[in-house]
Structure formats: structure tokens, C-alpha cells
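Working notes for the structure below.
Just so we're on the same page: letters track the sequence lines, and every chain starts at 1. Here the structure is a predicted model, which means the values were calculated and not measured.
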Protein chains: 2
Amino acid sequence: MLDERSRQILNAVIQSYINRPDPVGSRYVTKKYDFGVSPATIRNIMADLEEMGFLSQPHTSAGRVPTDRGYRFYVDSLLNDKKCSFDAQIAQDIVKRLEGIKNDINAFFAEVSATLSRMSNYMGIAQPPKTESATFKKLELIRYKEDSIVAVLLTNESIIRSRILRVAPPLTQEDLNRIAGYMNTEYSGLSVDEIRTILTNRIKTERVMWDNLLVRAIKIYEQLLAFTDNELFMEGLFDVMSMPEFSDISRIRDAYRAIKDKHMLLRIVEDLSKTEGVQVIIGAENPIEELNRFSIVASTYGACGKKMGVIALIGPTRMDYSKAISMVEMVSNCICETLNESE
Amino acid sequence: MLDERSRQILNAVIQSYINRPDPVGSRYVTKKYDFGVSPATIRNIMADLEEMGFLSQPHTSAGRVPTDRGYRFYVDSLLNDKKCSFDAQIAQDIVKRLEGIKNDINAFFAEVSATLSRMSNYMGIAQPPKTESATFKKLELIRYKEDSIVAVLLTNESIIRSRILRVAPPLTQEDLNRIAGYMNTEYSGLSVDEIRTILTNRIKTERVMWDNLLVRAIKIYEQLLAFTDNELFMEGLFDVMSMPEFSDISRIRDAYRAIKDKHMLLRIVEDLSKTEGVQVIIGAENPIEELNRFSIVASTYGACGKKMGVIALIGPTRMDYSKAISMVEMVSNCICETLNESE
DNA sequence: ATTAGCACTCTCTAAGAGAGAGTGCTAACA
DNA sequence: TGTTAGCACTCTCTCTTAGAGAGTGCTAAT
């Protein structure tokens, strides 16, 4: 439905516009790209492209601007074509930088989001792996004060979760040791979430054989998991906001609030985490209205084939998709590499 | 040097300007505040105040705007006069909200900064207590993988610090227990920092009596403290940035970077933490040039008379100092209360 | 000491003119 | 039939100008 030349012109317009957010005119296209035809011809084709919904005009006598549909076409052909691969050197640098802090899962993913942002000038987002999907390694329970204990949960994925929990009635350190011992011998190697299911089933079927302590164990375990430290690291919000298309500060207020709102982003990220590989959400494709002028390039990451979380870049719809996609892809690979090494 | 009426007029101008950042004219003052004199008189006095450096004019035929010196005068007399005390109800609400999360020191101070920001519409900053100044309660060491252990440090102040540490050569769980046991029996109740000093001294004087393990203990302890999770929570950056005086987005770029830069803020906060009580830094009083158009209202907080950290509000120089001061004061008290209860 | 009156200064806004960029259409051309 | 040159037209942007409005400083009168 779109001949080769039209596609090339569409690409030319989009790339121009990505470089600088000014409407692209026919004359400019002939000057900058060598199609061997006159501006008038370009104009005709651009009019066609507009009719098909790939381009639009801010006003009658302005150049053309890509529509979301235009970007979509562009991105799809980008995803199908060759991947513009990244400099291996850069990847090495990132791996090296991440290597140093892989033992601190939060610092690690904070650095991931910072790296994404720094390299792209868009907003970088990194969701650390959920404790729930990690592999239970060890539980340690320590008496803290009369009515409170400290529970420390270790997983194979270098995730440590430690919390002060309220327990009533009080438990002795011996009790705690027995509970922890039970958990550690029985459940080591299962996923944190599986254990939760098993525990709740167990209490139904076995009817308090282990008596009190099993119940207490479950309570503690639940309490420990109740804290959703479902963090999301983001960096570079302001970089995006200071791009020329957002120079009118009043208009971006809502967008800012939406982007800043971690919960809202989390919802999107959760959706994304269902699908593997790089995904691109362009402008109004996003269900969140406030984000209609932004695009998201996201990818899941994981180790050993297991999806563990999502990283993403958020930028204006006219973002450099080619760069963003390859960057997200690369960083995702770096994460996998680093995580796998630490196994 | 300043008669009563002049002071009142200065106050009037400043309060007007705080409400809305428009230069304040003589006519406006007579209308809004009832001094029983004509605009001409006000003009004379304002001219005097300008001469003394408390007010200035954006241009010859505009109203007056307070200078930093004007604000300083205003704030000082504010601090000397009655404290505008806060609604006890609000304080109760805050205490209640904080109560629920006092066991998670990070969530706690994240909430503090959010509360400060939400209530004032300025930027709220909260520095959680440093681990170093907390009281050592217990150290727990757990073997994690061949060459790494998990160290968990508990303090009386509900601070948990847990890290994966690399240890070489490997240590058995027994070794770890001995090290932890040693630390727990010897040092419980001292401050985390004191212990550090004692340990290093000890190794010098006692010359490796405890042999290897003491050295290992010190190494682990140092390693654990090496991570400066000297966090600073901030909330509401954008609220400040979207105030009318910053409507020109390009001009606030540097300021944004300065404010966002936690390290820079940390330096200021560190300075502030030396002095007790509420402190106000107005505009250019701040050594950081990028922050010359902002003011900071800060206060230390602590429990049992011990200074533990700093909270602050950052806003434009025309911020509502009265409100900001009493708010910071109140929140500081709420923190103290909550922390003391948990002892 | 205070005030009314007045000339003056500066900003802000609206309106208008002209330049510039880019389009769509038409008619000619290969 | 696809391409192109030419041209009138549209819309934005910028610059200028003029006038309104707000507020001042000064002077002379109270």
C-alpha cells in the first residue's frame, strides 16, 4: 500500500523531525535528502501520506509533522529491519560499572536507570526484580525488642529484605530459630511466592500439626512480604521536560504528575512485563491520557530465561526510536549478563 | 533605626509579595492595610526602606519588591516574636501517620519529606539518621555464597542495615558466629561510630591477640559501614519549579540541577546540622550560587536530646516563612515524639 | 509631618504591516 | 501518466507603534 519512495520520504520526514521538532517542508526534504525529484513531487507524496494518516500539518501552510501512526510505521519497519547494534565497548563499560554493585540490588537498578537516562537524555526507568519471584535461600529471625523481631530474607538473586516486624504474643529466640530452621530446611530453592502458596495450603490441610509455630511462621512470612517495596527507579525526568516541545511549562504539568507518579507507571510496566522483548508504546497508544505526548520503549530483562523485571525509556513521541530501542536492548542484555554471572 | 510604622509597612509589603509575586505599590498598601495615611506618605517611607536596602524596584516606575535583606529582617523579627503555633490536630495527624511506619526508617523519612512538601507546596527534604551515630544493638552474620556473607546491623533506632559483603578467604558459619558474638557482647549499647574507633585502636594496642578473627571482624565492620547510604529524601521539586517566578523554564535549569543534586544539598544540610533549632537561609545568603533565588528553612531533629538529622523546606525567596518555620518546627517535634516512643 | 497634584517613566497589550515559509492547484512537459 | 514550474494563497512570526495603566518622585500647599 506504500511504495518504496513514499516510505523513504516518510522516513526522511520522521528523521528530520526527530532531529529538530520543526514541521518539515517539501523543499527541505529535497535539499537534505537526494530523491532526485522536485519539491512539488514531494509535496504530492506528502499530501498522500497525510491522507493516509502518517503525517499531519499544524496549520495549512506549514510543513508536515509525523503522527503517532507515522511513528508506528517507522518503528515497525525499524523493528523488522536490522537492529542497529551498539558499540560493544559501551556495553563493556556498562557491564563493568554494574559489576561493582551487583550485590546491592537497589543501587544496581538505580544505576541502571541513571545509565539509561544519561546515555539517551530521555527518562530511564528500571524495575528491580520482585522479591516474590526470587528464589528463597534463607530466612533469619532475630529478636529485636519485646514485641518486635527483625526478619531477614535472602534469595539467590542477591535480594535482601529485612524488616522490623511486630509479633504478638512474643516469641523467644528459640522459637524464632525453630521457625527459621523449618523454613530453611523445607523451602530452600523454591520461589518466594510458591512458598507462600504452599504455606497457606499446608495450614488448611494439615490442621495445625505443627501447632502454633507453623501459624506464627506464616504470619511472619506474610508480614514480611506485605511490604511492597515494589520500587521503580527513575532518572532524567527533567531532561525530558526541558525538551523544546515542552517549553510551555504550564502544559506539561499534568504530564509531569503522571510520569512522576510511580504507581501509574508501575501499572504500565506491569502490563509490559507480560510480553518478552522490546516493546514500543507511541503517544496516544498509551491508555494513560496524560502520557499521550510521550513514547515508551521498554524491555523485560531476566536471568536464566526467567523474566524478572522491566526497564524502559520514556521520551517525547519524537524520540530517537532507533537509538532508544537498541539502547534498551543492550542494557537489558547487560543486566542479564551481570545477573547470570552472580549465580 | 526603624520606627514602628516603617516596620509595619515593610511587613505589609513582604506579606503582599509572598501572597503574589507582583511588585507592591504604595496605593495598594493603603488600600489593603489601614495605616490611615495617604499613598504619598507610604511612598516616602518605601523610598526610605529602599535606601536602607530592604526593598528594591524592578524598574523606576514599578512597585517595590523585598530584597534578601528585607526578608532577613522580616524573618528575624518573626523568630523573635511569637511563634505562630500550628493546629494541634494537624500535628496529631502527622504523628499518627508516622507512627505506622516508624519501623521502616526509610519509608518513615520518605513520608516526612512528602508530608512537608504536601502541606507547604514547597520542596520537602528529610535526612534520615546516620547509621554511624546510632546505637549498636546487634550484628548478625550469615553465610551467603562461597565468597560472600550477609551482614545485618541492628541499632536501637530501628535502623537496619543489611548488605552482601565479599569475604576472602572464606569464613565458616562458626567463624561468623564467633565474630558476631564477640561484637554483640562487647559493644552493645555503644554508638556505631565509637565502636569503629575502639576497634581500630584495639587492633593497634592488643596486637592480634584474638588473632585472625578480630581482624576479620574489623574488616567486615568497615566494609558494612563503607556503603554510605547517606540518603536524602526529597519531594515536591516540581511544585517549587512551577511557581510563577520560575515560569521561564530555561532560567531555572541550573537551579534545578543544583537542587536535584543530592550531594550539593547534603553539604548544605551537613552545615545546618551543626546548629540546633530552626535556621533560615535566604536567597544569596546561600553560598551555592545556583540557589540564590531560593530560601531554605531547616531544623535538626533528634531523640533524647541527641541531634540525629535535618529536615528542611526549600522554596522561592518569597516563601511563606511564617508557615514554613512553624511547619518545620512542628514536624521536627513530631519526629522526636515518634522516635522517643519507640525507645 | 502629611498630602494632593502633576509630570514622568516604564511595562504591557493590541493592532497592523511586512517578511518568510510552505502549501495546493493548474497548466505545461517528457 | 508521472513530474515539474509557476503562482496565488494562507498562516505564522516579528517588528513597530500607539495608547492605556500603574506607579513613582517631586513640589507646593496644608
If you check the [X] side chain, which of [options] turns out closest?
| X | options | result |
| --- | --- | --- |
| B/R64 | D/dG23, D/dT3, D/dG25 | D/dG25 |
| A/E50 | C/dT3, C/dG24, D/dA5 | C/dG24 |
| A/S38 | D/dT4, D/dA22, C/dG5 | D/dT4 |
| B/H59 | D/dG25, C/dT11, D/dG23 | C/dT11 |
| B/Q57 | C/dT2, D/dG25, C/dA4 | D/dG25 |

B/T317 and B/Y71: side-chain donor and acceptor closer than 3.5 Å? no

Has the side chain of A/R27 got a donor or acceptor that lies under 3.5 Å from a partner of the other kind on the base of C/dG22? no

Does any donor-acceptor pair link the side chain of A/S61 with the base of D/dT10 at a separation under 3.5 Å?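 Such a pair exists between side chain and base.
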
For [X] and [N], give me the distance from atom [atom1] to atom [atom2], rounded to whole Å.
| X | N | atom1 | atom2 | answer |
| --- | --- | --- | --- | --- |
| A/M46 | D/dT3 | CE | C1' | 17 Å |
| B/I42 | C/dT3 | CD1 | P | 9 Å |
| A/L55 | C/dG22 | CG | P | 15 Å |
| B/I45 | C/dA1 | CD1 | P | 12 Å |
| B/K31 | D/dG23 | NZ | C1' | 15 Å |
| A/D3 | D/dT1 | CG | C1' | 15 Å |
| B/D22 | D/dG21 | CG | C1' | 14 Å |
| B/R43 | C/dA7 | CZ | P | 15 Å |

Is it true that, when you exclude [X] itself, more than 12 heavy atoms of the residues, nucleotides or ligands shown sit nearer than 6.0 Å to its [atom1]?
| X | atom1 | value |
| --- | --- | --- |
| B/H59 | NE2 | yes |
| B/D34 | CG | no |
| B/R27 | CZ | no |

Is the shortest heavy-atom distance from the side chain of B/R5 to the side chain of B/I45 under 4.5 Å?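 Answer yes - side chains close enough.
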
By nearest-nucleotide position on DNA chain C, the 5'-leaning member of B/N44 and B/T60 is B/N44

